[in-house]
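Residue numbers begin at 1 in each chain, while the letters A, B, ... track the order of the sequences.
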Protein chains: 2
Amino acid sequence: MFLSINNVIDYKARTEFGDQTVTKTSTLQDVARVAKVSTATVSRTLSNPDVVSESTRRRVAEAVKVTGYRINRAARNLRTRRAHSVLVLLPDLANPFFSTILEGISRNLSQQGYSMLIASTAQVHASGERLVDYLDDARADGMIVLDGGLDPDVVETLENSPQAKRILFACEWIDGTSFASVRCQNRQGTRAAVNHLFDLGHRKIAHVTGPVGNVLMHTRKDAFVEEVQKLGLTLRPEWLIAGDFSLAAGCLAAQAWIALDDRPTAVFCASDQLAMGFIAELSRHEFSVPKDVSVMGFDDIDLAEQFIPPLTSVRQDRLLIGETAAKMLIARIKAPDDGHLEHAAVLPVSLVTRESTAALQ
Amino acid sequence: MFLSINNVIDYKARTEFGDQTVTKTSTLQDVARVAKVSTATVSRTLSNPDVVSESTRRRVAEAVKVTGYRINRAARNLRTRRAHSVLVLLPDLANPFFSTILEGISRNLSQQGYSMLIASTAQVHASGERLVDYLDDARADGMIVLDGGLDPDVVETLENSPQAKRILFACEWIDGTSFASVRCQNRQGTRAAVNHLFDLGHRKIAHVTGPVGNVLMHTRKDAFVEEVQKLGLTLRPEWLIAGDFSLAAGCLAAQAWIALDDRPTAVFCASDQLAMGFIAELSRHEFSVPKDVSVMGFDDIDLAEQFIPPLTSVRQDRLLIGETAAKMLIARIKAPDDGHLEHAAVLPVSLVTRESTAALQ
DNA sequence: GTTGGGCCTGCAATCGATTACATCGTCATC
DNA sequence: GATGACGATGTAATCGATTGCAGGCCCAAC
């Protein structure tokens, strides 16, 4: 069509003789000029095509193609007061436990047109920034927190902030606060674990716990004690071995187990890393799993299946955790102030039976 | 001081009777009003304090405190044409190999006032976005790519983009392109590995490789072959076992090794995951490491030290990789068009000797 | 007293989109 | 033929910062 060729030429001329930046990307104005409509119409066509006529839609689409137009997000963010991005806060970036959760978050966010910003608690703290600034300064529209161990001061600031409803905790949470959250069935998972060991004939069961103060540690430990008592098993205090979710703590726990004079025949560890450390240390001392003792973990991390022996564990669907968290948060970001909001999601866990647990001989 | 009390009252009144949003955060205007200066002066005070007088500086600081002012980054980004953030592109978010690198990147970025956006190649592709859009639409000022397996079309688009100088590859890279990069001494690491095994008395050494087409795989394999020949060792073709960096491939490689009639006494794996899978599979078949065969890996991931037996490996400092990448990229972003730019950094690796390798019996 | 320079500050344009409101044309209805 | 409703589009204000330019002040030098 002759008209559109003309337009192309017009456009090229402009970019050649325009500002110093020849490679300047084109703007709404450029598209409007080429399509011979106003910028308002172009904007409407792009964000809400239904309100413009069919012919305009075609001309704008053509003009967009000709000019190679890309929206400038800074401008849109400024005008709409939205950052179209979400901050994910981790206690520690280097911890691989979180990577699958991130994958889930990212998958859902990008599908909804949001970007994912990442920061770690320690770094934010070190840089002297306040966490709430991310929301206040229009860098992020909301926040997914994967760290239940936030500083109480920070928590208080967040809770009193007008942005509190756009903060969501995933995996971990903080008791006594009113933040939205996504959690796993920690109690049910723990009960399933204890019952699994019980069904295998074990009557003396130990528990290696997470770090003191951690909300998951307490939830799992309480559920463990409760279930063991419900089954009428004896539980000696030294069978609750303090750990901290890490490999190294698992090793120490194994030494503690070895030192017992009345050794439990099964051990439920609060994380897979603990269980792996536990088993590793045992095998250094010539104990064999599951022959001498059944050991199981919690989380079902990728490595669990490849471990020797393959680890029995309680599976958390980390991809689902991430996706659910993102979905809930975006819903909250978009919700009107008076809208109804889902406040907590509790995701199922499942027992994965492998070779690190076996029937009592 | 009476004056400043007055100002506080003025300010409060404004927020109470202002727009519908009572919780509206304050702007430069508000600060200017309270400090009784122009917005220009406030802006200058904040971004370039040296150019304003001492007394102004004090009054603005006071006004900032009173109003609780936080800069609006969307506005600044629009005006300065900078996003003050960097995109990190991973092949796969769920792969824990990258988490420490991310930690390094993030640490350096936040120190320089930049945010870190994360996306995975697969997702960007799936969402129909073009990678270069992140730079074009002012979402990110630059890009760190940790994926050497990008689609050739995408690579071409990136290379021809005016933004090409703000793209940097880390760990992996793409031969034949001119992107800046941060790499490790893959050749030197490989040589050190081979010589370590040689020094232990091994004369028949196998290599389990990474995935075909991967630039690290080829670099390490070529260096391996070269070094083995330099040492005058025999190298039978079946001693080069194809893998792909994963645990599962390590298991398969072990089966291949077992099936050999003339078994090498040492195996150099192109990744720690390969080595772990290899050892795991061997122990299922009643072979013992390092008694029956010495095995070593590459990367020195966190788990290597805790593995049974603790793994000999070639250590890459992933934190340093990340920090270097971030530093180089920001330098490029800030550099004037004619400035001199560092184009490639090669980081040292080091041999970490543990118990998975031993002297030939 | 005039001039010039340096220092500090203010005015106002600008970045590039969104959107409330006004306008215009068309068509059905009475 | 007048009226009103409706759909499509344009006008212009707006989001909140940055920055080129101009102006005011003060002091030194002539």
What is the distance, rounded to the nearest whole Å, between atom NE2 of His84(B) and atom C1' of dC15(C)?
-> 13 Å
What's the CZ-P distance between Arg33(B) and dG16(D), to the nearest Å?
-> 12 Å
Heavy-atom donor-acceptor pair, Asp141(B) side chain to Ala83(B) backbone, under 3.5 Å | yes
Rounded to whole angstroms, how far apart are CG on Asp30(A) and P on dG16(C)?
-> 9 Å
If you measure from the Lys or Arg side-chain nitrogens to the Asp or Glu carboxylate oxygens, is any gap between Arg107(A) and Glu103(A) under 4.0 Å?
-> yes
Side-chain donor-acceptor pair present, Ser127(A), Gln111(B), cut-off under 3.5 Å = no
Can you tell if the side chain of Leu341(B) reaches within under 4.5 Å of the side chain of Lys165(B), non-hydrogen atoms only?
-> yes
Sub-3.5 Å pairs of nitrogen or oxygen atoms, protein against nucleotides 17-23 of chain C:
residue : atom : partner  : partner atom : Å
dA17(C) : OP1  : Tyr69(A) : OH           : 2.8
dA17(C) : OP1  : Asn72(A) : N            : 3.2
dA17(C) : OP2  : Leu28(A) : N            : 2.3
dA17(C) : O5'  : Tyr69(A) : OH           : 3.3
dT18(C) : OP2  : Ser43(A) : OG           : 2.5
dT18(C) : O2   : Arg79(A) : NH1          : 2.6

Determine whether Phe179(B) and Val155(B) make a side-chain contact, defined as any pair of heavy atoms from C-beta on separated by less than 4.5 Å.
-> yes
So which one's nearest nucleotide on DNA chain C is more toward 5', Ser38(B) or Leu78(B)?
-> Ser38(B)
Does Arg57(B) put a side-chain nitrogen or oxygen below 4.0 Å from OP1 or OP2 of dC8(C)?
-> no
Arg59(A) has an atom CZ; how far is it from atom P of dA8(D), in whole Å?
-> 14 Å
Under 4.0 Å: is that the gap between some side-chain N or O of Thr56(B) and OP1 or OP2 of dT9(C)?
-> yes
Rounded to the nearest 0.5 Å, how far apart are CZ of Arg332(B) and CD1 of Ile167(B)?
-> 10.0 Å
When rounded to whole Å, the CG to P distance for the pair Asn48(B) and dT9(C) reads 13 Å
